[in-house]
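Beneath this line is the structure, given in structure tokens, with notes to follow.
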There are 4 protein chains.
Amino acid sequence: MPSTSLCQDEACPPYSLMDDYSEGAHPQILEALLRTNSTQQVSYGNDDYSNQARQLIRQRINCTEDEADIFFVPSGTSANLISIASCLRPYEAVITLDSGHIACKEAGAIEATGHKLVLVPAVDGKMTPTNLRKAIQQNQFFPHMAKPRLLYISNASETGTVYTKREMSTLSALCKEMNLLLLVDGARIGTALCSKKNDMALRDIFEFADIFWIGGTKAGALMGEAIVVKKALAEGFVFHLKQHGALLAKGRILGVQFMELFRDDLFFALATHANAMSEKISANFETLGYELAAETETNQVFVILPQRLIRTLQERFRFYTWEHLDDGRVVVRIVTSWATDELQVDKFNAAVLQWTVANKDVSIDQERCI
Amino acid sequence: MPSTSLCQDEACPPYSLMDDYSEGAHPQILEALLRTNSTQQVSYGNDDYSNQARQLIRQRINCTEDEADIFFVPSGTSANLISIASCLRPYEAVITLDSGHIACKEAGAIEATGHKLVLVPAVDGKMTPTNLRKAIQQNQFFPHMAKPRLLYISNASETGTVYTKREMSTLSALCKEMNLLLLVDGARIGTALCSKKNDMALRDIFEFADIFWIGGTKAGALMGEAIVVKKALAEGFVFHLKQHGALLAKGRILGVQFMELFRDDLFFALATHANAMSEKISANFETLGYELAAETETNQVFVILPQRLIRTLQERFRFYTWEHLDDGRVVVRIVTSWATDELQVDKFNAAVLQWTVANKDVSIDQERCI
Amino acid sequence: MPSTSLCQDEACPPYSLMDDYSEGAHPQILEALLRTNSTQQVSYGNDDYSNQARQLIRQRINCTEDEADIFFVPSGTSANLISIASCLRPYEAVITLDSGHIACKEAGAIEATGHKLVLVPAVDGKMTPTNLRKAIQQNQFFPHMAKPRLLYISNASETGTVYTKREMSTLSALCKEMNLLLLVDGARIGTALCSKKNDMALRDIFEFADIFWIGGTKAGALMGEAIVVKKALAEGFVFHLKQHGALLAKGRILGVQFMELFRDDLFFALATHANAMSEKISANFETLGYELAAETETNQVFVILPQRLIRTLQERFRFYTWEHLDDGRVVVRIVTSWATDELQVDKFNAAVLQWTVANKDVSIDQERCI
Amino acid sequence: MPSTSLCQDEACPPYSLMDDYSEGAHPQILEALLRTNSTQQVSYGNDDYSNQARQLIRQRINCTEDEADIFFVPSGTSANLISIASCLRPYEAVITLDSGHIACKEAGAIEATGHKLVLVPAVDGKMTPTNLRKAIQQNQFFPHMAKPRLLYISNASETGTVYTKREMSTLSALCKEMNLLLLVDGARIGTALCSKKNDMALRDIFEFADIFWIGGTKAGALMGEAIVVKKALAEGFVFHLKQHGALLAKGRILGVQFMELFRDDLFFALATHANAMSEKISANFETLGYELAAETETNQVFVILPQRLIRTLQERFRFYTWEHLDDGRVVVRIVTSWATDELQVDKFNAAVLQWTVANKDVSIDQERCI
């Protein structure tokens with residue numbers, strides 16, 4: 001099995017810019033697992049490493065044990081379904097963007113716990129106060145409608161944009177006004193907080209949200225997410241973990257990873273790298289006149305490309321085609337990560353440039369690409 | 001954090017014989033994770049390693065791709081709840097021993113998927129044809145009773161005993177006769193198959209069961225279980241994984257571990273060690289005249305001890321007190337694993353011997369220990 | 001408590017045109033309950049009356065016992081949630097109009113059984129092949145998306161329109177092509193089949209659908225709906241009834257009512273009356289120049305009125321204001337039923353005429369009402 | 001269809017003593033439905049009749065609107081599943097007798113809402129403080145076990161026995177001590193409160209329980225149960241009704257029936273008749289030397305009979321054979337109701353006497369019947 005980093009010639013498999021979970025874990029994390037491997041630990045999340053990880057995360061948030069409990073789970077879907085199931089009564093519904101991860105990428109996991117999703121259109125990938133208010137107004141015919149009780153948002157959003165402090169503060173205040181809980185999906189919270197556009201600290205998110213989670217899977221861990229639950233909602237939370245198969249016997253392996261991510265600034269350093277790589281790719285596209293389908297604020301680039309360029313790039317790179325536009329152009333998604341090799345980014349950009357120059361007459365100066 | 005293996009003096013923390021998941025993973029597994037870490041892989045279980053692991057497991061079972069699909073999940077509770085939810089209709093019930101793991105150690109995970117459990121008393125920790133038949137007969141008042149549709153058993157059982165080929169064959173035939181599916185929980189299937197009492201191969205279990213799973217968590221992996229699903233029941237199974245948060249983005253980490261466990265005979269070698277250690281402990285107890293609460297057939301020892309001996313042992317070892325008998329004696333559970341240090345086992349046995357000799361008059365020759 | 005029919009003066013409470021369930025049952029139905037009251041019957045739906053009702057309904061459909069089973073439940077929500085829960089696996093989703101009853105009037109009852117709803121925009125209150133096909137195409141990213149498996153439609157639709165034979169035939173064929181089951185909610189199937197626009201017989205609906213139900217609650221019964229389930233899906237259905245509290249001990253009271261509705265043509269006679277009343281109201285509005293928000297094809301009139309007219313009508317009649325348009329006008333819903341008093345309809349129409357004449361200059365000849 | 005009351009000859013179908021729901025409704029109830037039929041009423045339980053019924057029930061309980069809300073549902077299974085689903089969090093379990101109605105007669109309805117049942121052995125058909133305490137102690141291994149949170153009992157019990165005030169008071173206090181809610185299933189609460197052994201008023205049950213329900217189906221109504229919910233648990237309860245299909249559009253038909261049952265003392269008069277009939281049957285059996293399998297305290301008689309007597313009685317009467325004892329004798333269940341014809345009871349008793357006398361030598365004086 002050839003390591004991509006050793007790949008020097010044309011026989012290499014295409015380099016993946018598909019997602020931020022194509023590689024294993026950051027080496028430091030594997031080393032931490034090795035280093036701690038032989039100690040005997042208490043099971044099911046009560047080990048020393050999990051406790052240290054909790055303490056480190058609380059320090060980063062700047063909150064006390066009395067303010068929040070922290071739970072580790074193996075996947076983002078687990079984090080979302082457990083968080084939601086833990087704080088809703090059976091007839092209560094979740095407000096989410098129609099592009100929300102829970103709405104279209106989790107196989108009905110939330111509904112499988114019995115709860116309705118109320119879908120709201122996104123603006124720049126984000127929930128707006130206007131759309132939220134409207135959704136609430138349209139869902140008041142009780143008891144014939146499920147009762148909206150929780151707002152679910154993601155930061156970074158599904159299209160890679162980030163919430164400003166002002167935006168999230170406004171949503172949070174609106175939630176309190178309308179008796180909604182606020183859950184922030186942080187699968188990519190690292191890149192959000194390291195975005196140039198970001199003006200929030202973890203403490204801000206903690207204050208705005210009732211529950212939020214810090215994604216490890218997409219941030220350099222083997223797997224794992226840390227759910228931060230405000231004390232008022234934390235009672236009994238661990239039962240939900242167990243009931244949904246998310247309470248690992250060797251909870252230590254989640255603890256060790258988050259301990260390592262938050263011991264120094266590894267978590268943020270890795271996110272910063274991911275953002276820098278996507279910024280480089282995005283800037284190159286913009287310089288060459290391509291239209292972005294969403295602002296590149298974190299580690300995802302959504303760009304509208306002509307199909308011929310896509311085919312050329314696919315010879316050496318892998319990425320998702322996201323949407324086929326009516327005019328024949330295609331939105332592609334390019335994702336960078338903590339592991340993205342800058343050399344490959346440079347090659348990618350060069351390939352875009354080369355094709356663009358060669359096809360200058362037919363593409364760049366025309367409104368409609370081919 | 002001191003490694004237990006370096007601990008030579010009295011300041012050491014007590015050595016844990018609590019369970020088979022107190023340590024991390026077997027070193028070979030961690031090395032495999034390191035070795036494969038930098039390759040780029042397809043996500044969600046379609047990576048090369050998972051595919052290789054599937055092939056290796058199929059070779060061990062001696063079955064083809066047309067006969068069974070294999071899915072990897074992070075935990076035993078996931079394995080059970082997903083297996084059951086995937087093959088039952090909403091009104092169908094599960095038959096289980098009253099001591100079954102799903103009945104009393106998974107926080108109602110099965111009921112949370114909507115299914116009733118019908119409890120049957122265990123004999124030597126196992127389901128018997130007589131008790132199964134009786135349970136079916138008592139649950140026929142339809143449609144007022146949920147319809148029994150699946151028999152859940154564990155091998156090794158909750159008390160560490162194993163099913164013989166004849167026993168499992170009989171249960172399997174009975175299931176077919178009564179239109180029941182058979183699910184075998186294999187959290188400790190490694191130690192079961194390596195038990196001196198075992199006369200089954202993986203192929204036998206595959207033939208007897210409709211779904212069974214091979215436990216990695218208690219067998220030396222960081223975490224992970226491999227669910228083997230007969231083809232007739234495999235359609236759509238992967239949706240269940242996703243819906244319950246058990247489809248890891250980096251499915252590779254489960255694939256790599258099972259690849260390593262089944263590449264050579266590591267899986268069985270580790271189970272053999274675990275069994276040998278418990279046999280040593282069990283034999284010592286029997287030699288010294290203590291009564292076992294269950295036959296020691298795998299890596300768990302259930303022994304009835306006087307409370308004073310327990311207190312003495314607890315100064316240097318950790319283990320569960322399992323049940324308080326009416327006569328004042330206590331059943332304790334001692335669990336060994338792939339990681340159990342034989343030196344510690346020898347120390348444990350010596351401590352039992354020492355106390356027994358010192359208290360000879362009051363304990364060994366009396367029916368009732370103090 | 002004054003009977004509305006005796007009410008002659010201004011002291012009367014406003015006459016309700018709110019819905020089709022404001023009164024009790026048609027007198028013939030009550031008489032049938034009285035007539036059969038003292039016989040002893042087998043419980044839970046196996047009584048003589050339920051069996052006779054089944055036979056009568058089958059005769060009306062022109063189907064045999066081998067083709068379909070029929071089950072009676074107390075409410076429309078029961079009918080929908082049981083029908084859906086009975087034929088979907090946990091990861092399968094329902095396609096419905098965004099205005100579908102299960103989507104916005106049943107408090108999340110379908111999601112409470114674990115299933116996701118995929119919402120599709122309505123055209124004239126109905127599902128179109130184009131929109132259905134598009135929804136299926138957008139929900140194919142498996143296993144990350146729940147798998148669409150059942151199309152839910154209502155006839156009459158939520159806005160009172162009806163499907164033509166051609167329309168339903170096309171949808172049915174499309175469902176077969178795309179491996180979808182088809183469920184037809186028939187809460188108002190009586191008025192649909194008696195609509196002037198209708199060109200289907202019960203047999204057609206039976207052939208097009210996998211499951212459909214015949215509404216009694218809105219058709220003159222005290223309560224009750226008859227679910228017609230194609231044989232292939234009928235096995236175990238009765239367990240679902242029991243499990244959801246819809247299997248009445250005295251199933252006879254549902255049987256008697258449907259026996260009476262289908263003994264002669266009472267069911268259709270009552271629906272015909274309801275339709276005639278709404279047609280009268282609708283025609284009056286159109287004659288006077290008011291715009292309908294939906295075609296009046298059954299017993300619901302959706303009409304756009306100026307607020308002043310609404311206030312005037314509300315002094316003597318009760319009905320729902322359905323939607324506030326941006327231009328200040330309001331959509332109101334007027335519902336007639338088997339019980340609607342034609343004298344009251346005449347008074348209603350007269351009141352509309354009177355106000356319109358008096359306000360002629362400001363309303364009729366202007367595009368925008370006040 | 002011949003009315004049983006007119007049946008004078010041998011061609012009559014056997015008289016049913018199967019259950020207390022073989023007939024329709026008490027004539028007064030049907031008359032009330034007729035009398036109120038034509039008024040227009042607000043839907044979904046907010047009609048005048050439901051409000052009057054609530055007031056009458058509150059008067060009987062001697063409680064205020066501030067103390068309890070009352071909801072009407074169509075069936076006992078609905079009442080149980082909604083009550084339980086409304087007040088438990090997903091990981092919380094229900095304690096019930098192993099003979100409890102929810103445990104073995106409701107097709108897994110409670111588990112279908114996600115909750116585990118913890119089964120406790122019955123003593124005289126009832127929960128005892130000792131058994132309750134033991135069950136709680138054995139279910140404390142958290143979070144691996146579901147958390148017991150609600151005690152479900154029935155009065156009258158499944159075997160027709162009743163709780164004394166002292167017994168229920170003790171259980172209620174124990175629940176408070178152990179942080180359990182108490183739900184009393186009152187499917188046969190009428191006969192319980194009219195039992196000669198009863199020393200409780202409705203007010204007592206209201207005080208002891210958090211939720212209890214008053215059964216109409218088995219007490220002379222067409223169908224319907226009234227759930228009395230203490231104010232602290234009532235918020236959002238109506239959503240549960242809707243979500244589970246139990247909120248009837250014509251809620252009036254439940255309201256009218258309970259209004260009639262509680263306007264005067266009809267509810268209690270009917271229960272008193274039912275009890276008198278079973279007492280007569282039970283006394284005859286005892287006089288003739290037959291052994292009761294349970295004390296006859298309400299409207300159910302459980303008696304151990306020789307198979308030959310059973311066959312003789314079955315020629316003219318229908319009843320359940322409940323259990324086959326190892327010695328060849330059989331427990332039969334005979335149920336009387338508000339509708340039981342005393343003439344038929346006399347015939348039944350005469351038939352028992354006649355057979356007994358004729359078979360005196362072989363049966364009465366022998367310990368073991370044939």
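Atom set for the values below is all heavy atoms of this structure, side chains included, hydrogens, waters and symmetry mates excluded.
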Proximal component of B:L81, with respect to chain A [non-hydrogen, under 4.5 Å]: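 Just the side chain, heavy atoms under 4.5 Å.
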Aromatic contact, B:Y44 with A:Y21 (centres under 6.0 Å):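 Ring centroids of B:Y44 and A:Y21 are less than 6.0 Å from each other.
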Sub-6.0 Å ring centroid separation between B:F258 and B:Y49: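 Not close enough - the centres of the two rings lie 6.0 Å or further apart.
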Polar side-chain atom of B:S50 near backbone of B:D47 as donor-acceptor pair, under 3.5 Å: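 Side chain of B:S50 to backbone of B:D47: no pair is present.
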Leading residue by heavy atom contact count with chain B [cutoff under 4.5 Å; candidates A:A85, A:A246, A:S75]: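 The answer is A:S75.
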Distance in Å, B:M223 CE paired with B:S78 OG, rounded so as to fall on 0.5 Å steps: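 B:M223 CE to B:S78 OG: 10.0 Å, rounded to 0.5 Å.
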Reported OG1-to-CG distance for the pair A:T336 and A:D341, which is rounded to 0.5 angstrom: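 One finds 12.5 Å between OG1 of A:T336 and CG of A:D341.
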Salt bridge (Lys or Arg N to Asp or Glu O under 4.0 Å) between A:R263 and A:E260, intermediate numbers included: CA-CA 5 Å; A:R263 194 163 49 84; A:E260 195 61 23; 2.5 Å; yes
Heavy-atom proximity to chain B below 4.5 Å, by part of [X]:
X: A:L248; result: side chain
X: A:K218; result: neither
X: A:A221; result: backbone
X: A:R35; result: neither
X: A:A249; result: both
X: A:V42; result: side chain
X: A:I253; result: side chain

Candidate pair B:R188 and B:D20, rule salt bridge (Lys or Arg N to Asp or Glu O under 4.0 Å), full reasoning: CA-CA 9 Å; B:R188 294 191 177 102; B:D20 29 18; 2.7 Å; yes
